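Below is one structure, written out as structure tokens; the observations come after it.
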Amino acid sequence: MFINYLVQSFLELEVKLRFYLLDVSYEIHGGVPTILLWGVSDDGRRILIVDKSFRPYFYVILREEVDEYGVLSKIKILSRGDSPITSTEVGYKKYYGKPVKVVKITTVKPEAVRDYRELVKKLKDVVDVVEADIRFSMRYVLDSDVPPCQWYEAEVEPLEGVSGYRVNSMYGLAGRLRPLDRTVPPRLRILALDIEVYNPRGAVDPSRDPVIVISLATSDGDLKLLTASEGSPPQDRDLVKEFINYVLAYDPDIVVGYNSNKFDLPYLVERASKLGLSLDIGRVRGGIPRPSVHGHYSIPGRLHVDIYNFAEEIPEIKIKSLDTVADYLGVMKKSERTLIPGHEIHAYWDDRSKRGLLLNYAKDDVVSTLRLSEKFIPFAMQLSSLTGLPLDQVGAASVGYRLEWYLMRSAVKMGELIPNRLEREYEPYKGAVVLEPKKGVHSNVAVLDFTSMYPNIMVKYNIGPDTYVEGECENHYKIPGTNYCFRKDPPGFYKSVLETLLRLRRVVREEMKKYPLGSPEHLILDERQRALKILANASYGYMGWVGARWYFKPGAEAVTAIGRDTIKKAISLAENLGLEVIYGDTDSLFISNRPEVSKFIEEVMKVLELEIKVDKVYKRVFFTEAKKRYVGILDDGRIDIVGFEAVRGDWSEIAKEVQENVAKIVLETGDTKKATDYVRSVVLELKQQKIPLEKLVIWKTLTKSLDEYEVNAPHVTAAKKMIGLGFKVEKGDKIGYVITRGQTPISSRAAPYFMAKLSDIDVDYYVKHQIVPAAMRILEYFGVSEKQLEAISKAGKTLFDFK
DNA sequence: AACCAGGCTTC
DNA sequence: GACGTGCCTGGTT
């Protein structure tokens with residue numbers, strides 16, 4: 001007995017481990033699923049903890065009055081093969097807030113869940129089958145409440161002699177993971193990569209075109225430029241081998257790239273396979289990178305983060321090329337880097353005198369990628385720990401899915417069943433109100449915004465699918481302009497989740513104050529509060545999204561209805577105080593900035609029970625009769641242009657520049673002569689070919705694949721010309737084109753910008769369709785007529801014989 | 001004139 | 001790898 005005890009404790013050798021969780025994945029070992037917890041211990045070791053105790057399951061909702069034993073026996077009969085049904089537990093869960101009788105069906109292999117779901121669905125007395133569409137590793141994160149990018153503590157047993165994993169230590173999990181109260185992650189090894197491909201034919205193809213440069217930069221300051229061997233075409237077998245060796249030697253936790261989900265990684269994998277190699281760069285031996293969810297490409301055991309995903313979310317950046325994004329975020333100035341036109345890369349390789357430039361370009365790309373990753377990863381980590389999505393997937397997942405994972409984590413904690421994702425027909429519904437602006441120039445205008453209007457409405461009126469009542473509205477929240485009502489009590493799912501999100505955000509912001517500005521803690525907590533805010537603000541749009549698990553159209557309609565009602569009531573409050581309302585959109589009001597504004601704010605809080613704040617004050621603001629467009633000048637002299645061509649990505653730079661300057665001149669000085677003179681000078685420059693071609697490029701996105709277009713829009717014909725040149729053009733690509741001279745319709749004269757010379761440009765088009773309309777949009781409200789501006793272009797013609 | 005397409009909206 | 005609606009504009013048909 002005593003000896004037995006000794007032997008046992010000796011074998012177990014439990015130790016307590018503190019570690020930062022990077023990722024959760026699973027493998028099947030001996031027919032049994034094994035959860036793999038990848039992490040970094042607090043002493044800096046790369047560790048892997050395995051948990052063999054977790055099994056896949058799903059829920060069956062039964063009819064309330066049914067005798068469950070009959071159903072249970074029918075379910076048990078279905079058990080078969082190498083993944084039998086190992087248990088069926090009857091219990092109660094909440095489904096949209098109401099208790100339902102469920103059977104939890106557990107099996108062995110995750111893949112078997114789908115098969116059992118289909119069989120069980122057909123049984124009599126089964127209302128629905130839910131939670132059968134959740135990936136096994138995410139199921140583990142949900143149930144054990146172990147989101148990545150957090151510190152944990154756990155009892156583990158060391159595992160010796162396990163091969164197949166490239167980690168410092170392996171353990172078996174002996175207890176539960178307990179979260180630790182630590183904010184700052186450990187020092188992680190980040191490897192940035194970028195590849196250049198030999199592309200004499202334009203579009204590249206991994207089965208044909210070799211990789212010529214792989215540039216690598218690490219968070220430890222190493223920089224490597226690996227190159228192909230000479231030959232025609234160049235030989236890249238050794239290059240790929242060198243790359244694999246480099247990755248294995250550096251052993252990064254995070255691999256970052258720019259558009260590497262769609263390009264670098266899949267290209268390298270295919271190229272390696274073509275060369276008879278295997279891109280075995282993960283922490284699982286033999287586990288090569290593969291496509292995963294949300295368009296993400298995953299490297300087993302490492303986190304592959306595509307920085308492009310984060311750049312995509314910055315609407316201020318119109319063209320999301322690496323150099324533009326790096327420049328915008330202050331990571332690398334365009335003027336201080338080497339740039340090579342994408343289609344000429346092969347020429348820079350072939351010409352030895354230019355090869356240095358190619359290497360510089362590759363270096364600048366990889367260094368800017370690494371620096372961008374340092375900007376984005378702290379935020380991504382916070383999103384990961386909130387949503388439970390691994391760091392490398394959270395960037396690729398859209399806003400809707402991020403919130404959905406947060407909701408799923410909340411549902412599990414609340415004992416709520418997770419609804420299925422359903423195919424639904426899209427149904428439009430009424431949105432926000434936009435007021436008719438009072439046109440002209442207004443001085444001293446305050447812009448007031450309701451803070452987080454939609455989330456606050458959802459909380460205040462307890463809006464959601466589980467609180468919905470149609471028709472009778474006694475003791476309920478009645479939604480004006482609809483026949484919808486929502487129960488006051490108990491709080492519904494959305495309300496509970498949103499209150500938690502908003503409360504957490506307040507807590508984090510308080511916590512932030514304890515740390516000095518610029519400290520790692522402050523930075524991380526700031527990213528956390530930002531992530532919380534983004535999740536809360538996505539809730540209304542999510543509820544109105546047909547793809548959402550918690551889709552609820554009447555709820556979304558109710559939110560906008562209350563929003564419209566609220567803003568109307570706020571307008572009367574303002575007007576009763578003698579304040580002039582100049583404009584308003586959704587949750588904002590432009591009001592004459594007078595002392596009564598503070599009274600107005602108080603009244604809104606008191607009467608409407610929603611918070612409204614002064615967001616900014618315009619010294620002067622200018623409206624046309626158009627909604628959603630205005631130009632304002634702030635106290636510090638900064639110009640704010642909203643909605644106009646000047647801030648749109650689909651107008652030429654020259655037209656935008658002219659419009660912005662015209663607005664500036666007119667708002668600052670009121671001098672229309674000065675403005676028209678300025679427009680004239682630009683038109684003349686254009687006619688003299690003094691305006692660089694880049695300023696004439698118009699960028700438009702292909703929102704579908706080329707063959708789906710029914711019309712010959714300019715960017716569509718330009719894209720077709722690019723295809724003719726051997727370029728790969730896909731849905732989602734931004735096409736940059738210029739309009740060239742000729743008599744045919746405009747679209748037929750659109751040419752990819754890099755194909756055109758300044759002398760090809762249709763100056764007339766740029767004057768009549770770009771510069772003049774952009775300028776007139778402002779000037780016509782200051783008494784300048786179209787004819788006056790047309791005179792400008794005519795004057796130009798006589799002065800300069802440009803045709 | 002009706003349409004299609006694209007872009008921007010807010011903190 | 002789909003969060004919502006409202007609104008404006010240009011170009012084609």
Side-chain angles (χ1 to χ4, degrees), chain A residues 261-262 291-297 306 309 312 315-316 318 393 395-404 407 421 423-424 426-437 447 449-455 505 529-530 533-553 555-557 559-560 563-564 585-588 613 615-616 624-630 641-651 698-704 708-717 732 734-735 739 745-750 765 768-770 773-774 777:
Chain A
N261 276 332
K262 287 206 180 104
S292 135
V293 287
H294 305 297
H296 169 247
Y297 221 81
D306 187 343
N309 290 146
E312 273 181 308
E316 292 87 343
K318 306 297 174 201
Q393 286 173 26
S398 68
V399 175
Y401 287 109
R402 291 176 190 171
L403 175 62
E404 185 149 283
L407 295 178
R421 183 175 293 291
E423 290 266 336
R424 298 187 184 90
Y426 167 72
E427 286 180 275
Y429 63 90
K430 209 166 166 216
V433 66
V434 186
L435 304 185
E436 212 67 63
V447 182
D449 283 338
F450 282 96
T451 36
S452 302
M453 184 194 238
Y454 284 178
R505 180 159 182 247
Q529 69 87 11
R530 201 157 67 86
K533 180 182 170 182
I534 285 171
L535 289 174
N537 285 344
S539 54
Y540 149 74
Y542 173 85
M543 187 165 62
W545 169 40
V546 285
R549 288 178 189 267
W550 279 276
Y551 170 66
F552 190 56
K553 193 179 79 132
E557 279 183 288
V559 173
T560 56
R564 294 190 298 270
D585 181 355
T586 314
D587 61 351
S588 71
K613 275 193 213 153
D615 178 41
K616 52 188 157 193
T624 70
E625 66 275 302
K627 297 173 173 185
K628 293 194 182 276
R629 301 191 157 202
Y630 53 88
I641 304 186
V642 176
F644 280 110
E645 288 75 4
V647 293
R648 299 172 62 92
D650 57 346
W651 280 71
I698 299 163
W699 294 92
K700 275 210 167 84
T701 314
L702 287 176
T703 55
K704 42 191 178 187
E708 287 174 73
Y709 277 95
E710 285 169 22
V711 293
N712 292 315
H715 70 302
V716 176
T717 49
K734 278 225 191 307
I735 308 296
I739 302 297
I746 288 167
S747 60
S748 71
R749 291 186 276 124
Y765 170 83
K768 283 202 184 117
H769 295 271
Q770 292 277 321
R777 203 84 65 206

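Keep in mind that this is a model prediction, so the values were computed, not measured. Below, read A as the first sequence line, B as the second, and so on, with proteins coming before strands; counting in each chain starts at 1.
Rounding to whole angstrom units, OH of residue Tyr709(A) and P of dA5(B) are separated by 7 Å. Look at CD on Glu404(A): it is 11 Å from C1' on dA2(C), rounded to the nearest Å. Here dT10(B) presents its P atom at 13 Å from CG of Asn537(A), a figure rounded to the nearest Å. Protein atom CZ of Phe644(A) is 13 Å distant from nucleotide atom P of dT9(B), rounded to whole Å. Between the C1' atom of dA5(B) and the CD1 atom of Ile698(A) lies a distance of 15 Å, rounded to the nearest Å. If you measure from atom CG of Leu535(A) to atom P of dG4(C), you get 16 Å, rounded to the nearest angstrom. Atom CD1 in Ile641(A) sits roughly 15 Å away from atom P in dT10(B) (whole-Å rounding). The CE-P distance, from Met453(A) to dT10(B), rounds to 12 Å in whole Å.
Nearest nucleotide to the side chain of Ala538(A), out of dT12(C), dT10(B), dC3(C): dC3(C). Here the side chain of Thr701(A) is nearest to one of dG7(B), dG4(C), dC11(B), namely dG7(B). If you check dG11(C), dT9(B), dC11(B) against the side chain of Lys533(A), the one that comes closest is dC11(B).
The phosphate of dT5(C) has OP1 or OP2 within less than 4.0 Å of a side-chain N or O from Tyr426(A). Dashed line: the shortest gap from a side-chain N or O of Ser747(A) to OP1 or OP2 of dG11(C) is not under 4.0 Å.
Here Ser747(A) contributes atom OG and Ile739(A) contributes atom CD1; the two are 8.0 Å apart, rounded to the nearest 0.5 Å. Here Arg629(A) contributes atom CZ and Ile641(A) contributes atom CD1; the two are 11.5 Å apart, rounded to the nearest 0.5 Å. The distance from atom OH of Tyr454(A) to atom OG1 of Thr586(A), rounded to the nearest 0.5 Å, is 5.0 Å.
Between Ile698(A) and Gln770(A) there is a side-chain heavy-atom pair separated by less than 4.5 Å. A heavy-atom distance below 4.5 Å is not found between the side chains of Tyr401(A) and Gln393(A).
Ring pair Trp545(A)/Tyr542(A) is perpendicular by interplanar angle, where above 60° counts as perpendicular and below 30° as parallel.
Under the rule for a side-chain hydrogen bond (donor to acceptor under 3.5 Å, both in side chains), Asp615(A) has no partner lying at least two apart in sequence or in another chain.
Backbone-only contact: Gly649(A) has heavy atoms under 4.0 Å from sugar-phosphate atoms and none from a base. Note on Lys262(A): only backbone sugar-phosphate atoms sit closer than 4.0 angstrom, heavy atoms only; bases stay farther off.
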Table of protein N/O atoms under 3.5 Å from nucleotides 6-10 of chain C N/O atoms:
from, atom 1, to, atom 2, distance (Å)
dG6(C), OP1, Gly431(A), N, 2.8
dC7(C), OP1, Lys627(A), NZ, 3.0
dC8(C), OP1, Lys627(A), N, 3.2
dT9(C), O3', Arg777(A), NH2, 3.2
dG10(C), OP1, Arg777(A), NH2, 3.1

